[in-house]
Amino acid sequence: SSRPCRRVNPGFQGQLKLYEAMGCAVDSSSALYKRYRLQMLTERYPELQGLPREVFAVDPTSICQTPNTEVLYRCRKCRRALFRSSSVLSHTEGSGPTAFAHKRMMDSAQLCGDGHEKCTSYFTEPVQWMEPALLGVMEGQLLCPKCMSKLGSFSWWGEQCSCGRWVTPAFQIHKSRVDEVRTLPVGNLKAAKT
């Protein structure tokens, strides 16, 4: 009351909202937490050198081949395992092409779709195989570590999703460049054999 100009730090307010969204517990596997952690990294390491190893998700090729219920994503060209479903960072769907109509030369009426624009890319957390491409660079291409085909792109400043949402930081892999591999539960396999 003695100083009416005092306000709560907006960064602290954001942390409280994140904590509430995670159910009042710190869940390091939450997509919200992973995105927050990546945003804090860009502030703490502006030159993007010497990033901590725990920033990068484990490369699926280095994990022992135990049965896993997670979806595995592989390069469509060479079949190399790239990332797991736990590395995908979901985002709320944007309003489609009209969200960025102010940047286009077309009439905004032509951009209106059916309102159900789908994301054509996966936005992931950084995976260990991406580390050489990410260090010291703010944006660039993501290439398959085995066959060097283009999978997508990354930008620490962010990129636009096809749904119209701006995602920051963005590690974008196009859905058309990868295949989903789902494992069947062992119980269903036995039932199918009989």
Heavy-atom pair of closest approach, residues Q128 and P132
O-CD, 4.2 Å
Going only through I, L, V, M, F, W and Y residues with side-chain contacts under 4.5 Å, is there a path from [X] to [Y]?
X: L82; Y: V88; answer: yes
X: V127; Y: V137; answer: yes
X: L134; Y: L143; answer: no
X: I173; Y: W156; answer: yes

Is the shortest heavy-atom distance from the side chain of E125 to the side chain of F83 under 4.5 Å?
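No, side chains not in contact.
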By side chain to side chain contact (heavy atoms under 4.5 Å, CB included), which residues pair with [X], not counting sequence neighbours?
X: S85; result: E70, V71, Y73
X: L72; result: P60, R74, A81, R84, V181
X: E139; result: S155, W157

Which side chain to side chain donor-acceptor pair (under 3.5 Å) pairs, counting each pair once, include a residue from residues 167-181, with sequence neighbours left out?
R76-D179, R79-D179, S121-Q172, S121-H174, Y122-E180, W166-T168, E180-R182
Contacts of type ring-ring contact (aromatic ring centres under 6.0 Å, His included), residue H91, not counting sequence neighbours:
F123
Only distances under 3.5 Å count here; give the side-chain donor-acceptor pairs of residues 145-153 to other protein atoms, sequence neighbours excluded, each with its distance to 0.1 Å.
residue: S153; atom: OG; partner: E159; partner atom: OE1; Å: 3.1
residue: S153; atom: OG; partner: E159; partner atom: OE2; Å: 2.9

Going by the angle between their ring planes, with limits at 30° and 60°, are F171 and F154 parallel, tilted or perpendicular?
parallel
